[in-house]
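Some notes on the structure that comes next.
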Amino acid sequence: MPSKKQPQLPKTGKAKEYSFFQDVYDVVRQIPKGRVTSYGAIAAYLGTKLSARMVGWAMNGAHKVKPKVPAQRVVNRNGMLSGKAHFETPTHMEELLKKDGVAVKNDTVVDFEKRFWDPAVELG
DNA sequence: GCATTGACGAAGG
DNA sequence: CCCTTCGCCAATG
């Protein structure tokens, strides 16, 4: 499980994965099926709420990590599928969400607030 | 080694 | 209410 806080980010070339990245992946993998969360929520849970962009950047490598990361369950604060363009196909993300039972309308999660899953609350 | 760029988000105009 | 700016920090040019 995430250390909750991992300010120490090793330099490039040493570790294949940064702790921060691993924590992000770990949290994302714990998102229940049919639920979604936001980059900011994950960042806040990790203690770096001011660095939501880093979560997004971490997700950039999510597609290559071994245990697949359900990156489709992570959207921006507006519930919009801001990262759909980064998937294999522009429609892959919403298709995965639909398989999870999450309705997607106009690149946005329907009833986002109801589907919202806050790691800071659910994970403690 | 400085400048630019983000799968973000909050604040200001 | 829409648009712009700023902050955050790693990666890339």
Side-chain angles (χ1 to χ4, degrees):
Chain A
M1 45 244 341
S3 322
K4 212 140 186 207
K5 220 169 193 184
Q6 203 80 31
Q8 175 61 48
L9 266 56
K11 310 171 200 70
T12 62
K14 288 296 183 181
K16 296 185 182 301
E17 320 286 339
Y18 298 137
S19 302
F20 178 77
F21 282 41
Q22 290 181 5
D23 285 350
V24 172
Y25 301 149
D26 195 18
V27 172
V28 174
R29 288 195 198 98
Q30 294 178 64
I31 301 174
K33 179 182 177 182
R35 307 292 293 280
V36 294
T37 192
S38 66
Y39 302 93
I42 296 173
Y45 173 69
L46 295 178
T48 57
K49 64 177 182 180
L50 298 179
S51 307
R53 308 181 99 158
M54 293 301 92
V55 177
W57 187 251
M59 300 308 293
N60 206 325
H63 69 92
K64 76 173 191 177
V65 296
K66 185 174 44 183
K68 214 161 74 178
V69 176
Q72 73 278 8
R73 294 173 186 165
V74 184
V75 295
N76 67 3
R77 66 130 186 143
N78 196 36
M80 192 173 92
L81 280 56
S82 48
K84 69 167 196 167
H86 290 259
F87 282 74
E88 303 172 45
T89 65
T91 57
H92 192 201
M93 186 172 184
E94 56 183 89
E95 282 186 27
L96 288 172
L97 283 171
K98 286 179 182 178
K99 284 205 313 183
D100 280 353
V102 177
V104 177
K105 183 81 172 184
N106 193 19
D107 296 338
T108 305
V109 175
V110 179
D111 294 328
F112 174 62
E113 292 190 23
K114 295 168 79 171
R115 300 283 188 177
F116 186 73
W117 181 85
D118 191 344
V121 174
E122 304 295 337
L123 300 181

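Throughout, a chain's letter reflects where its sequence line sits, starting with A, and its residues are numbered from 1. As the structure is a computational prediction, the values presented were derived from the model and not from experiment.
- Nearest approach of Val75(A) to Phe112(A), heavy atoms of both residues: CG2-CE1, 3.4 Å.
- Nucleotides dC1(C) and dC8(B) place their P atoms 23 Å apart, quoted to the nearest Å.
- Considering only the side chain of Met54(A), dG6(B) comes nearest among dC8(C), dG6(B), dA7(B).
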Please step through side-chain contact (heavy atoms from CB on, under 4.5 Å) for the pair Val65(A) and Phe21(A), ending with a clear verdict.
CA-CA 10 Å; Val65(A) 296; Phe21(A) 282 41; over 6 Å; no
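- Residues Ala52(A) and Ala43(A) share a closest heavy-atom pair of CA-CB, 3.8 Å.
- One interatomic measurement links the two molecules: CD of Gln72(A) to C1' of dA7(B), which rounds to 13 Å at whole-angstrom precision.
- Sequence neighbours left out, the pairs with a member in residues 71-81 of chain A that pass salt bridge (Lys or Arg N to Asp or Glu O under 4.0 Å) are Arg73(A)-Asp100(A).
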With side-chain contact (heavy atoms from CB on, under 4.5 Å) as the criterion, how do Val28(A) and Met59(A) come out once you've worked through the C-alpha distance, each side chain's angles and the decisive distance to 0.1 Å?
CA-CA 9 Å; Val28(A) 174; Met59(A) 300 308 293; 4.1 Å; yes
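- Backbone-only engagement by Asn76(A) is indicated by non-hydrogen atom pairs under 4.0 Å involving sugar-phosphate atoms exclusively.
- Residues meeting the side chain to side chain contact (heavy atoms under 4.5 Å, CB included) test with Ala103(A), sequence neighbours left out: Val110(A).
- For the salt bridge (Lys or Arg N to Asp or Glu O under 4.0 Å) condition, the pairs that include at least one residue of residues 104-122 of chain A, sequence neighbours left out, are Lys84(A)-Asp107(A).
- Taking 4.5 Å as the limit, some side-chain heavy atom of Gln30(A) sits within range of a side-chain heavy atom of Leu123(A).
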Taking only nitrogen or oxygen atoms into account, show me every contact under 3.5 Å that the protein makes with nucleotides 3-7 of chain C, one pair per line with its distance.
residue, atom, partner, partner atom, Å
dG7(C), O6, Arg53(A), NH1, 2.7
dG7(C), N1, Arg53(A), NH1, 3.4

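- Under the 4.5 Å side-chain heavy-atom criterion for ILVMFWY residues, a single connected hydrophobic cluster contains both Val27(A) and Val74(A).
- Proximity of a side-chain donor or acceptor of Thr37(A) to a complementary backbone N or O of Trp117(A) within less than 3.5 Å is detected.
- Listed for the Tyr39(A) side chain is no donor-acceptor partner under 3.5 Å among the backbone atoms of Trp57(A).
- Counting to the nearest Å, the P atom of dC9(C) and the NZ atom of Lys49(A) are 13 Å from each other.
- Within residues 77-86 of chain A, the residues having any heavy atom closer than 4.0 Å to DNA chain B are, in order of number, Arg77(A), Ser82(A), Gly83(A), His86(A).
- For the pair Met59(A) CE and dG9(B) P, the interatomic distance rounds to 13 Å; values are reported in whole Å.
- Straight-line distance from the CG atom of Leu46(A) to the C1' atom of dC8(C): 14 Å, rounded to whole Å.
- Contact check of residues 91-114 of chain A against DNA chain B (heavy atom, cut-off under 4.0 Å) returns no residues at all.
- Here the separation of dC2(C) from dA7(B), taken at their P atoms, is 23 Å to the nearest Å.
- Rounded to whole Å, the distance from OH on Tyr39(A) to P on dA10(C) is 19 Å.
- Remark: the separation of the P atoms in dG1(B) and dC8(C) is 23 Å, to the nearest Å.
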